[in-house]
**Q** 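Got a structure here, written out as C-alpha cells. Questions coming.
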Amino acid sequence: MLPWTLLGVLSLLITVPDALAVKSHDFKTCSQAGFCRRGRAISARAAEAKSAWKSPYSLDVPSIAITPNKAVFKAGVKSSLYPDIKFGLELRVHEDGVVRVRMDEVDGLRKRYDEAASWALISEPQISQEITWTAGKKDIRAKYGNNEVVVAFQPLKISLLRGGKEQVVLNGRGLLHMEHFRTKQVAETKTEEAAPEAEEGAEQVVMDVAKEVNPRAWFEGDTEDDWWDERFSTWTDTKPKGPESLSIDISFPNHGTIYGIPQHATRLALPTTAGDSPTFTEPYRLYNADVFEYLASSPMSLYGSIPVLHAHSADSTVGIFHAVGSETWIDVSHASDKSTQTHWISESGILDVFLMPGPTPADIFAQYARLTGTPVLPPHWSLGYHQCRWNYISSEDVRTVQKRFDEEDMPVDVFWLDIEYANEHKYFMWDEKNFPDPVEMTNDVAANGRKMVVIVDPHLKRTDSYPAFKEASDRKVLVKPASGDGEYEGWCWSGSSSWIDFFNPNSWDWWKSLFKTTALKSGWSWTLSTTDIHIWNDMNEPSVFNGPEISMPRDNVHHGGWEHRDIHNINGMLFSNLTSQAVRERTDPPTRPFVLTRSFFAGSQRFGAMWTGDNLGTWEHMAVGIQMVLANGIAGLSFAGSDVGGFFGNPEPEMLVRWYQVGIFNPFLRAHAHIDTKRREPFLQEEPYKGMIKDILRLRYTMLPVWYTAFRETSVTGVPVLRPHYVVFPKDPKGFAVDDQYFIGSSGILVKPITTKGATETTVYLAEDEVYYDYFSHHVYRGASKGKDITVHAELHEIPVFVRGGSIVPTRERPRRSSPLMKLDPFTLRVALGKTGSARGELYLDDGVSYSHEKGQFVWREFSAETAKKVVRLTTKNLGLERVGEAVDGVALASYNPGNEFAKTIGEVRVEKVVVLGLASKPTSVKVEGGNELVWEYTPGVAAGGKGEGVASVLTIKDPKVLIVKDWAIVIQL
Ligand SMILES: *[C@@H]1O[C@H](CO)[C@@H](O)[C@H](O)[C@H]1NC(C)=O
C-alpha cells in the first residue's frame with residue numbers, strides 16, 4: 001500500500017480519536033450553555049406571564065442628547081431591576097436609511113467587547129445629514145422618506161416603520177436583557193434574597209406577587225445559573241468576567257418568512273424553533289464549529305456564522321445585521337403566518353444591530369454591501385473546475401491525475417493538495433520525499449494554464465525546528481491560555497500545536513511575509529513555491545481536536561485581553577483576510593488571490609470563497625448543500641459551494657453524476673473526498689457515467705461567461721450570484737419557500753438540479769406569465785401570472801436548465817482543457833425571445849487575474865433584441881460607459897475608455913453563432929446591418945400542450961463575423 005495513505009489513516013487513528021467519535025453530544029444544546037438557558041428562560045417566563053410581562057428597561061429621558069447635526073441621538077437606559085447600573089443607547093440613521101442601534105453598559109466594572117463591527121464593516125458608515133430627531137412625551141422619533149424610527153421610552157422599544165406600519169421591532173416582547181458586570185460577592189448576597197420558586201402554570205396573581213417580592217428573580221431567574229464557571233463534558237470554562245450575556249427580541253410584525261443567519265443545514269425559508277409545534281426544538285446556533293459528519297437537517301452550528309437575516313413578505317423585505325462575534329442562539333417563531341418573531345441570545349458583546357429598511361431584497365443586498373462590502377471579484381480561473389482529494393500523495397500523483405484529465409479531454413483548472421503535502425503537517429514546508437520538486441510540479445500544471453491550491457491551516461506544530469511556530473512564538477503572537485501567560489497548546493493535525501492570534505496586529509505583516517515566494521529563509525522550503533499556488537484555509541473555526549466542542553477554550557486570551565468567547569465567530573475571518581492579503585501581495589502589482597475558507601463571518605465575502613465543509617455522500621446532503629449555498633448568498637457570501645461527491649463515503653455512479661450536475665451550478669465547483677474513500681476522479685468512472693460527467697464539466701466551461709458576468713454584478717451590487725425565487729419575484733408568495741431551483745445572476749438561466757435517486761422527471765415552478773426555453777431541447781413552456789408548476793424530463797443525463805424568455809445568454813462552446821485557454825475563443829449568443837418578442841443580456845470580461853479592471857480595463861456589453869413590424873433587430877452596446885461613477889463599495893470608476901488595453905487583446909474575438917429562440921415565423925432575410933445576407937438555418941416551432949407550449953422555433957445564424965468589442969446590429973426580416 002501507499003505509505004502516504006497509511007500514514008494518513010494512522011494519523012487519524014492516533015491523533016484524533018475525539019474527532020472520529022464526534023456526534024451531537026460533543027456539541028452543546030441551548031440548555032447546556034448557561035447563557036442560552038438563561039436567555040430562553042426569560043422568554044419562557046415572558047410567555048407564562050403574558051400581558052403582565054413588562055420590560056424593566058426604559059429610556060432615561062433627561063439624558064437624551066442629540067448631536068448638532070441631529071442624525072445621532074444618545075441617551076441613558078435604566079433597568080428597574082438594577083437602578084445603579086447604567087446603560088447607554090445610541091441610534092444613528094445612515095445616508096441610505098439603515099438604522100444602527102447600539103447599546104452598551106456604561107461605567108461598568110468591566111468593558112464589554114464592542115469591536116465586532118470594526119472587523120465586519122468596510123468603513124464607518126456615512127451618517128445622514130437630513131435626519132431630525134424629535135422628542136415627545138412618550139417617545140423620540142425621526143422621520144425620513146417613507147420610514148420612521150421610533151424609540152418608546154417606557155418600556156424601551158425601538159421600531160422601524162414604513163408607511164406607518166411596523167417593520168422591525170426591538171424589545172417589543174420585553175426580552176431585552178444585558179447582564180451587567182458584577183463582582184462575585186455581590187452576586188452571592190443576591191441569591192439570599194431569591195424569591196420562592198413560582199409553581200408551574202402559576203396564575204397571574206402569583207406572577208404579580210413574584211414580581212413584587214423579587215423583581216430580579218421574576219425577570220432573570222433566581223439562581224446564579226453558571227455565572228462564574230461552567231462545565232461541559234470534561235471541560236470547565238472559567239468565567240473571570242462573570243455573566244455578561246445579551247438577550248434581545250427582534251420581531252417582524254408584517255413579515256411571515258425569514259432567510260439567512262447561515263450556516264445551518266436546513267431549508268432556505270427558516271423553519272421555526274419556538275412557539276407552537278416548532279420544526280426544531282433547539283434555537284439556530286451561531287458558534288463556528290468543526291462538526292464531524294454533520295446532520296443534513298439541523299439548527300446546529302456549523303463552520304461559519306453570519307448574523308444577517310431577511311424578513312420577507314409580498315409587500316416588502318427588511319433586514320437585520322447584528323454585529324456580534326460571540327456565540328449566539330436565535331429562536332424563530334411565527335405569531336401568525338404573516339409575522340415572525342426572533343429572539344437573539346449572545347454570550348457577550350454589545351448590542352449593535354443594523355436595521356436595513358429594504359424595501360426590496362435588492363435594496364437590502366445594497367444596504368448590507370455598503371456596510372460589510374461586496375464579494376470580491378475572484379480570479380476568472382477559480383470559476384473553473386477544482387479537483388481535490390485528501391490527498392494527492394506525491395508530485396507524480398498530481399502529474400498522473402493531470403495526464404488522465406488531458407487524455408480524456410476533461411476540463412479542469414485547479415489541482416489541490418490537502419494536509420499531507422506538508423512535512424509533519426508543518427504548513428509551508430513540503431514533504432520533500434513525496435514532493436521533491438514542487439516548483440517543477442506546479443510549472444507542469446501551469447503549463448496548461450492551470451493552478452494549484454495547497455492547504456495552510458492556523459495550527460502551528462509546536463517545535464522549534466518549525467520556523468513558522470518559532471517566529472510566531474518569538475513575536476509573541478500566539479493565542480494565550482486562560483491564565484493570560486504563555487502559549488495555549490492544543491491538539492490538531494500537527495499534534496501539539498499553537499494558534500496565531502490574528503487579533504494581534506503584530507501578526508499581520510509577519511504572516512504576509514511568509515507567503516513571499518522570493519523571501520529566502522534558511523530552513524524553509526516554502527520558497528519552493530510559485531505564484532501559481534493559491535491557498536486553502538481550513539480548520540479556522542478554530543478546530544482543536546482535544547478542546548471543548550472541538551474548538552478552543554472560551555477563556556483563552558487574545559490580544560487586548562479579550563477572551564476567546566468574545567471573538568470566536570470572527571476568528572476564522574481574520575485568518576482568511578490576512579491570507580488573501582498575503583497571496584495578493586506576492587506580486588507587484590498585486591494579482592487576485594484565491595483563498596478558500598471553511599470558517600467565516602460577516603465580511604468574509606471580501607476575501608474569497610467558502611465551502612460547506614465535510615458533507616456526506618448522501619442524497620440529503622446533496623440537496624441541503626444547495627440550500628446552504630443559497631443561504632450564504634443571502635448573507636453576502638456568494639462564492640460558495642459544497643464538495644462534489646460528498647466528503648465522506650463512496651457515492652454510487654448515479655449519485656456522482658447528479659452531484660456534478662449540482663456542482664456545476666454552484667458558484668464554487670470543487671470535487672473533494674476523504675482519505676478513506678475510494679478514488680473517484682471523473683476519468684475513473686465507467687461509461688456512460690464518464691461521458692456524462694465530461695459533458696457536465698464542459699457545460700460549466702461553456703457557461704463561464706454567464707458566471708463571470710454574474711460575479712462582476714455581485715461584486716458591485718451585492719445581489720447574490722445564485723438568486724432564489726423570493727429575490728427575483730419578491731411579490732410571489734408561492735415562491736417564498738422555493739429553495740431547490742434558482743437563477744444565476746441576471747442571466748435568465750433557471751436551474752433545478754436533481755437531488756433524488758432514480759429521478760426521471762421533476763416539476764419546476766414558473767413564477768410569471770413568460771415563456772421559458774429548455775436550454776438543451778428548446779422545448780418551450782409557458783408560466784402563468786399566478787405561478788405554475790411544469791413537469792420536465794430529468795433522466796440521468798438531463799439537467800433541468802431553462803432560459804427565461806427575454807434573456808440573451810453568451811457562452812463559449814469550444815471544449816478546452818482549462819479556462820485560460822478559452823481567452824480568445826469566439827462566443828455563441830442564445831437569444832431567448834420573451835412573449836413580447838424582446839430580449840436582453842450582458843457580458844462582462846476582463847483579464848481575469850489582475851486589478852486592471854478597477855482602472856477601466858474591461859469589456860462590458862449589453863445585447864438586446866427588439867421586434868417591431870416584422871423586423872427583429874439584435875444590437876449591442878457598450879455598458880462600460882454606464883459603469884462610470886457606479887460603485888457600492890470602493891472606488892467608483894472615473895472614466896472609461898472602450899479602447900482600453902484589455903479590450904484590444906480581445907479585439908478580434910467574434911460571435912461565431914447566434915441562436916434565436918421563439919421567432920414567430922421563418923425569416924425572409926438575415927443580415928448584419930449594412931452587409932450581405934448571412935448563412936442561417938430555421939426550424940419551425942411545434943405547438944404542443946397548452947397555449948404557447950411545444951418546441952420553440954430555432955433560427956441559427958452561422959458565423960455572422962461580428963466582433964464582441966464593437967457595436968453592430970443583426971437585422972432579421974420576417
Ligand atoms: C481585513 O480586510 C480589510 C479589507 O477588506 C482591511 O481593511 C483590514 O485591515 C483587514 N485586516 C484585518 C486584520 O481584519
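Along the sequence shown, residues are numbered consecutively beginning with 1. Counting starts at 1 for both ligands and their atoms, following the listed order.
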**Q** Describe, in one word, how the ring planes of Trp611 and Trp536 are oriented to each other, choosing from parallel (under 30°), tilted (30 to 60°) and perpendicular (over 60°).
**A**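 If you compare the ring of Trp611 with that of Trp536, the planes turn out perpendicular.
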**Q** Will you find, in the side chains of Asp566 and Ser326, an N or O donor that is under 3.5 Å from an N or O acceptor?
**A**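 No - no donor-acceptor pair under 3.5 Å links their side chains.
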**Q** So, 4.0 Å and heavy atoms of Trp508: is ligand 1 close enough to count as a contact?
**A**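 Flag set, Trp508 near ligand 1.
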**Q** Hey, is Glu563 close enough to Lys480 for a salt bridge, meaning N to O under 4.0 Å?
**A**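 Lys480 and Glu563: not salt-bridged.
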**Q** Quick one: look up the protein heavy atom nearest atom 1 (C) of ligand 1 and list residue, atom name and how far away it is.
**A**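 The closest one turns out to be Asn577 ND2, 1.5 Å.
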**Q** Within 4.0 Å of atom 9 (O) of ligand 1 (strictly less), any protein heavy atom?
**A**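 Within 4.0 Å of atom 9 (O) of ligand 1, no protein heavy atoms are found.
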**Q** With heavy-atom distances below 4.0 Å as the criterion, list the atoms of ligand 1 near Leu578.
**A**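 Near Leu578, the atoms of ligand 1 are 13 (C).
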**Q** Report, in ascending order of atom number, the atoms of ligand 1 lying under 4.0 Å from any heavy atom of Phe607.
**A**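 Checking each atom against Phe607, I get 1 (C), 2 (O), 5 (O).
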**Q** Between Gln581 and ligand 1, which residue portion shows a heavy-atom distance shorter than 4.0 Å: side chain, backbone, both, or neither?
**A**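 The answer is the side chain.
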**Q** Does a salt bridge link Glu124 with Arg92, judged by any charged N lying under 4.0 Å from a carboxylate O?
**A**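 Looking at Arg92 together with Glu124, the answer is yes, because their closest N to O distance falls below 4.0 Å.
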**Q** Near Arg606, which atoms of ligand 1 are under 4.0 Å from a heavy atom of that residue?
**A**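 Those qualifying, in numeric order: 5 (O).
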**Q** Heavy atoms only, cut-off 4.0 Å: how does Trp119 contact ligand 1, side chain, backbone, both, or neither?
**A**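 Just the side chain.
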**Q** Should the pair Trp511 and Phe515 be assigned to parallel (<30°), tilted (30 to 60°) or perpendicular (>60°) ring geometry?
**A**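 The rings of Trp511 and Phe515 stand perpendicular, inter-plane angle above 60°.
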